[in-house]
Protein chains: 2
Amino acid sequence: MKKRTFKDNIYSGIAGMTKAFSSPNRLEIIDLLANGEKTVEQIAVQTAITVANASQHLQVLKTSRLVKSRREGTFIWYSLNGVNAFAAWKALRDLALELEPAVQATLRQFRQEMGSPGSVHYNNHPANEQILFLDVRPTDEFAAGHLPDARSIPVGELSERLTELPRDKTIIAYCRGPFCTYADEAVQLLRANGFQALRLEESYLDLKIDHN
Amino acid sequence: MKKRTFKDNIYSGIAGMTKAFSSPNRLEIIDLLANGEKTVEQIAVQTAITVANASQHLQVLKTSRLVKSRREGTFIWYSLNGVNAFAAWKALRDLALELEPAVQATLRQFRQEMGSPGSVHYNNHPANEQILFLDVRPTDEFAAGHLPDARSIPVGELSERLTELPRDKTIIAYCRGPFCTYADEAVQLLRANGFQALRLEESYLDLKIDHN
DNA sequence: CCGTAATTAAAGTATTTGTTTGAATAATTG
DNA sequence: CAATTATTCAAACAAATACTTTAATTACGG
């Protein structure tokens, strides 16, 4: 094999895999699946596309091996194929957050419109008994992995379950990642009800991959 | 801003940046620039494309902020724009090496045809005085950063400079990364001349990014 | 003003991409 | 086995891009 052929083959192969990452809908699906397996319809609902379209995108992701699937009855459950797939998504995400002004601006503006709740990074949160980590993702995602000592209340149930939460602690809510709005909604609701609440910048997955 | 608008904007923004990564030629340019700044003509020669074509790809990379440039006289020197750009490339590269059989097979086959020199990972190299790390990249890339205690002999000069190398040590050659052939060529040459020689799997950049 | 380095506009060619529609498949249930 | 549910798939459509080359142009230095 010639040196040039070798390089052409290698870089073409990687570029082929990279193409699976370069569609907005597919990125949203990857971001979603990182938090736990989902059926096609769940994916379609969450990303606001049709089931058929979601299925098409999932075939692309499956062909490039970024996701895998298993059948259970009439359902097919999709999930990310390994931690490296999440690592690549995270690298691209963080790169865009660093270098792409449009992405930065959109995030800043949205947070501001949500009332700019204020946020903490995990690495410098006050490590005492005055705080409570609240996981506001669906319970199955919590079950698939969560922060140590976090409590689980899905954002949809939060308004009816406020009595479960302590009023003498600062509640630090987290969800799927920087583009998930659940934590913002939770903090907004908690503050409206007199709680001390903040958003955690990192998701469980971000922390897991950093501190491996 | 509606939740859906927010997500659409965010994922579109990231996908836009990701598209810069999804061309074989651009990936090769990124891989090259990671090791140090280069002029347009150097890039064109190394990647075996025309200067005009290289320039076109560089504009794409510059627009998406993956590379930056500075002028020096009539030359324009391009380089990667920050360590996160390299981190994203590395993540995509490692993902393909893990999941894409075509990439794995091409690499395996090429190494085999080069005489399958044998290789070591940095993390389990014998840490004693019986080894010598040899950086076979161009001197300017060595100057931009290299392994501690590594010696620099560009692969093109190696055959004339064999007398500089000790015969009582195992020589561990490294270059730009897994798809760079310089180290393979160096090991081949060294072995043909009776030296003990191995290829280091990691590049300087891989080790630099891992260990902090 | 000439030479070198690089960019750019334009043109051409080819390919691809995302989505929808409607039919088909696959497993479960009654 | 028929009906139901979840999903896939083939086909088609409509845009949109992507890559490369050519030739003219800009930018700088001497």
Side-chain angles (χ1 to χ4, degrees), chain A residues 4 7-9 11-30 32-33 37-79 140, chain B residues 4 7-9 11-30 32-33 37-79 140:
Chain A
R4 186 37 46 199
K7 296 203 171 183
D8 287 349
N9 288 347
Y11 291 111
S12 296
I14 304 176
M17 169 157 276
T18 305
K19 281 205 174 71
F21 281 103
S22 50
S23 142
N25 281 332
R26 285 200 294 275
L27 286 181
E28 189 170 356
I29 292 173
I30 290 167
L32 184 62
L33 292 183
E37 58 179 9
K38 296 266 180 297
T39 68
V40 179
E41 211 204 332
Q42 290 176 325
I43 293 164
V45 169
Q46 285 274 339
T47 59
I49 59 179
T50 64
V51 167
N53 195 10
S55 181
Q56 300 280 30
H57 283 303
L58 286 163
Q59 300 321 306
V60 174
L61 291 170
K62 207 176 166 185
T63 301
S64 54
R65 279 165 260 263
L66 297 185
V67 309
K68 58 180 193 275
S69 64
R70 67 179 182 88
R71 182 179 273 276
E72 190 181 295
T74 55
F75 294 93
I76 294 183
W77 293 87
Y78 281 91
S79 55
D140 58 325
Chain B
R4 184 41 41 203
K7 296 203 173 186
D8 287 347
N9 288 346
Y11 291 110
S12 296
I14 304 176
M17 168 157 275
T18 306
K19 281 204 175 70
F21 280 102
S22 49
S23 143
N25 281 332
R26 285 199 293 275
L27 287 181
E28 189 170 357
I29 292 172
I30 290 168
L32 184 61
L33 292 184
E37 58 178 8
K38 296 268 181 295
T39 68
V40 179
E41 211 205 331
Q42 289 175 328
I43 293 165
V45 169
Q46 284 276 338
T47 59
I49 59 179
T50 64
V51 168
N53 195 11
S55 182
Q56 300 281 26
H57 283 303
L58 285 165
Q59 299 322 305
V60 174
L61 291 170
K62 209 176 163 184
T63 301
S64 54
R65 280 163 259 263
L66 297 185
V67 308
K68 59 178 192 279
S69 65
R70 67 180 182 88
R71 182 179 273 276
E72 190 181 295
T74 55
F75 293 93
I76 294 183
W77 293 88
Y78 281 93
S79 55
D140 58 324

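Chain identifiers are assigned alphabetically (A, B, ...) following the order of the sequence lines, protein sequences preceding nucleic acid strands; residue numbering begins at 1 within each chain. Side chains are part of it too, since the values below use all heavy atoms of this structure and drop only hydrogens, waters and symmetry mates.
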Undergrad: Taking B:S12 for its side chain and B:N9 for its backbone only, find out whether a donor-acceptor pair lies under 3.5 Å.
TA: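 Absent.
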Undergrad: Using a 6.0 Å cut-off, check whether atom CD of A:Q42 has over 12 heavy atoms from anything other than its own residue.
TA: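 Counting neighbours around CD of A:Q42, more than 12 heavy atoms of other residues, nucleotides or ligands fall under 6.0 Å, so yes.
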Undergrad: Keeping A:R65 on the side-chain end and A:V67 on the backbone end, is there a donor-acceptor pair under 3.5 Å?
TA: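 Judged by distance alone, no pair lies under 3.5 Å.
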Undergrad: How many Å lie between CZ on B:F21 and P on D:dA18, as a whole number?
TA: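 My rounded result for the distance is 16 Å.
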Undergrad: So does B:H57 get a side-chain nitrogen or oxygen closer than 4.0 Å to the phosphate oxygens (OP1/OP2) of D:dT20?
TA: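 B:H57 to D:dT20 OP1/OP2: side-chain N or O found under 4.0 Å.
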Undergrad: For B:I29 and D:dT20, give me the distance from atom CD1 to atom C1', rounded to whole Å.
TA: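 Computing the B:I29:CD1 to D:dT20:C1' distance gives 13 Å.
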Undergrad: Once you round it to whole Å, what is the distance between P of D:dC19 and NZ of A:K19?
TA: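 In whole Å, D:dC19 P lies 7 Å from A:K19 NZ.
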Undergrad: Rounded to the nearest angstrom, tell me the gap between atom CG in B:N53 and atom C1' in C:dT8.
TA: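 Atom-to-atom, B:N53 to C:dT8, this comes out as 13 Å.
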Undergrad: Is there a side-chain contact between A:R26 and the phosphate of C:dG18, meaning an N or O under 4.0 Å from OP1 or OP2?
TA: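 Yes, within the criterion.
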Undergrad: Charged N to carboxylate O under 4.0 angstrom, B:E28 versus B:K38?
TA: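 Looking at B:K38 together with B:E28, the answer is no, because their closest N to O distance does not fall below 4.0 Å.
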Undergrad: May I ask you to verify if any side-chain N or O of B:N25 is less than 4.0 angstrom from the OP1 or OP2 atom of D:dA18?
TA: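 Negative; the distance criterion is not met.
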Undergrad: So, does A:R26 use its side chain to make a donor-acceptor pair with the main chain of A:K19 at under 3.5 Å?
TA: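 Checking the backbone N and O of A:K19 against the side chain of A:R26, a donor-acceptor pair under 3.5 Å is found.
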Undergrad: Give me, pair by pair, the N or O atoms of the protein and of nucleotides 5-10 of chain D that are less than 3.5 Å apart, along with how far apart they are.
TA:
unit_1 : atom_1 : unit_2 : atom_2 : d
D:dA6  : O4'    : A:T74  : O      : 3.4
D:dA6  : O3'    : A:T74  : O      : 3.4
D:dT7  : OP1    : A:V40  : N      : 3.2
D:dT7  : OP1    : A:I76  : N      : 3.3
D:dT7  : OP1    : A:I76  : O      : 3.4
D:dT7  : OP2    : A:E41  : N      : 3.2
D:dT8  : OP1    : A:Q59  : NE2    : 3.4
D:dT8  : OP1    : A:Y78  : OH     : 2.2
D:dT8  : OP2    : A:S55  : OG     : 2.6
D:dT8  : O5'    : A:S55  : OG     : 3.4
D:dA10 : N6     : A:Q56  : NE2    : 3.2

Undergrad: What integer distance in Å separates A:I49:CD1 from C:dT20:P?
TA: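 It works out to 9 Å between those atoms.
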Undergrad: Mark yes or no for whether B:S55, through its side chain, and B:A52, through its backbone, hold a donor-acceptor pair below 3.5 Å.
TA: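 Answer holds: no.
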